[in-house]
Amino acid sequence: MKSEELFNESKKFLPGGVDSPVRAYKPYPFFAEYAKGSKIVDVDGKSYIDYCLAYGPMVLGHANPDVMAEVITQLKRGSAYGVPTENEIELAKLVVKKVPCAEMIRFVNSGTEATMSAIRLARAATDKKKIIKFEGAYHGAHDYVLVKSGSGAAGLPDSPGVPEETTKNTILVPFNNEDALVDLINTESDSIAAIIVEPIMGNIGIIPPMDKYLEFLRDITTENDIILIFDEVITGFRIAEGGAQEYFGVTPDLVTFGKILGGGFPIGALAGKKELMEMLAPSGTVYQAGTFNGNPISIAAGLAMLKQLNKSFYSVMNTKGDILRRGIQDILDVHNLDYHVAGLSSMFQIYFTDKEVWNYDDAKTADTEKFIIFFQTLLNKGVFIPPSQFECCFVSLMHNDNDLEQTLTTIDKGMKTIKTL
Ligand SMILES: *Cc1c(COP(=O)(O)O)cnc(C)c1O
């Protein structure tokens, strides 16, 4: 197997053989040759129906023709300038039009940079230090938020190299639990700058907010002079044109984006109310900068992607997601398995637990060993889902009925395997 050989070679030069931890799974990850539409093909020529989709960006499937055409046009004009371009205004206008809280935007290079900068801005705006994050929420790989975060980091102790001095200002609370937050804010409101939340948790499987929970977060932050940051790096442009804030009808003060916004190229952004955003340098004093900020390739790709995401796109995506979620539930029923199908819109996951999942502790009751066996069974049969119980599976516009049917047949086989364990 060429993937196995490449992995052995890669381990000599790249720590663990990969550039991001979740990509390494046993015995070895497949190496990509190319990807098109709903499929990704490995270096051994094997094709997989792809539900990882680069961990979120590829909502239109791989190698979308319009995005590719715009990128090629831009490439011929140069790939980085270090001076502003008209397209940055175009993409900014499009985001402002789509996203309720967005009046101004700063483009950066990753979701990690976006949340780091949003937190700095919130601290500066409130002149307070502490932030609240939710157990199991992932906001990127920087020090402020690398405490009990999801996906690749879930279950690991806090990373060595993150100073206590940094994380002591990050307070953890369980998601979907109003009392825990009320108690905390009653004692600490004078020191809390921001609450950062994934409106739908997407890095510990998928956990939706309970009814009225986001409204509760909006009210309690407004009353206590706390900035509410929605981290919509996953949900942005995914579940509605205006993301989770439109979907649930709750408008935060700041929002962070990544993934889809770059049309498959590296990007991140923070956006929000004008008076907050204008605190960023150079109009204000809160420092934020980047050599590749507003990179013309990523901006061109993002524009070409976002222009295709209209109302009918979201209803088609909902239908595809529903077909999968319902089909999986039927399979579980037939096999008498009481696992839990989670998700909405184009997001789904199967929790290998009989518990309903509303927070990190619930999610952690899942049987991760069974999940990995299920993952391997699917992979062998040509269906690629992210290799972790605590990631989220995505469907793209290019997943046709045939793909979905084939996937359900494969999931059926996967569940049969699990039953015999
Ligand atoms: C992926 C992700 C990030 C980090 O984005 P990167 O571009 O990987 O740095 C932040 N927040 C959420 C919710 C994410 O899913």
Side-chain angles (χ1 to χ4, degrees), residues 18-23 51-59 99 106-120 122 131-154 159 170 175 194-209 214 217 228-239 243-245 247-248 252 254-271 288 290 292-295 298 301-302 305 343-349 360 363 386-388 390-394:
V18 292
D19 271 321
S20 197
V22 74
R23 295 179 197 172
Y51 294 96
C52 180
L53 293 165
Y55 294 89
M58 314 312 299
V59 274
V99 179
R106 167 65 54 94
F107 293 111
V108 297
N109 299 290
S110 66
T112 297
E113 286 173 56
T115 65
M116 186 176 74
S117 306
I119 290 167
R120 180 179 298 159
I131 58 164
I132 293 175
K133 89 174 268 291
F134 294 91
E135 292 170 356
Y138 181 68
H139 303 294
H142 63 85
D143 285 7
Y144 303 157
V145 288
L146 215 50
V147 196
K148 225 175 186 179
S149 46
S151 68
S159 172
T170 304
F175 192 56
I195 293 181
I196 183 163
V197 61
E198 291 178 78
I200 300 167
M201 290 182 93
N203 287 283
I204 188 78
I206 304 164
I207 310 181
L214 296 176
L217 292 183
L228 182 61
I229 306 170
F230 275 9
D231 181 354
E232 299 221 43
V233 171
I234 287 183
T235 53
F237 314 106
R238 170 173 296 287
I239 62 167
Q245 52 192 282
Y247 190 91
F248 294 108
L254 286 173
V255 61
T256 53
F257 293 118
K259 299 190 171 122
I260 293 173
L261 179 63
F265 287 78
I267 208 166
L270 57 152
Q288 200 299 315
F292 287 105
N293 280 6
N295 175 260
S298 299
M305 175 92 84
L344 55 89
S345 183
S346 57
M347 306 164 73
F348 68 98
Q349 182 56 293
Y360 177 83
S388 161
F390 302 119
E391 291 288 343
C392 164
C393 306
F394 300 109

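Each residue takes its place number in the sequence, starting with 1. Note that ligands are numbered from 1 as they come in the structure, with each ligand's atoms numbered from 1 the same way.
With hydrogens and angles disregarded, a donor-acceptor distance shorter than 3.5 Å links the side chain of E198 to the backbone of Y138. Judged purely by atom type and a 3.5 angstrom limit, S298 uses its side chain to pair as donor or acceptor with the backbone of P266. No side-chain donor-acceptor contact under 3.5 Å links Q245 to the backbone of P252.
Side-chain contact between V197 and D231 is absent, with no heavy-atom pair separated by less than 4.5 Å. Contact of the M201 side chain with the I206 side chain is not registered, since no non-hydrogen atoms from C-beta on lie closer than 4.5 Å. Contact check for F394 versus V59: no side-chain heavy atoms found under the 4.5 Å cut-off. Using a 4.5 Å cut-off on side-chain heavy atoms (C-beta onward), I131 and I229 make no contact.
Listed by atom number, the atoms of ligand 1 under 4.0 Å from K259 heavy atoms are 1 (C), 2 (C), 3 (C), 14 (C), 15 (O). Each of the atoms 4 (C), 5 (O), 6 (P), 9 (O) of ligand 1 lies under 4.0 Å from some heavy atom of T112. Interface atoms of ligand 1 facing H139, defined by a heavy-atom separation under 4.0 Å, are 10 (C), 11 (N). Shown in contact with S110 at under 4.0 Å from a heavy atom are these atoms of ligand 1, numbered in order with element: 7 (O), 9 (O). Near E198, meaning under 4.0 Å from any of its heavy atoms, are these atoms of ligand 1: 13 (C).
Looking at G268, S20, G111 and measuring to atom 7 (O) of ligand 1, the nearest heavy atom belongs to G111. Nearest to atom 3 (C) of ligand 1 by heavy-atom distance, out of V197, I234, V233, N203, is V233. With atom 13 (C) of ligand 1 as the reference point, the heavy atom nearest to it among L261, T235, T256, D231 is part of D231.
Between Y138 and ligand 1, at least one N/O pair is under 3.5 Å apart.
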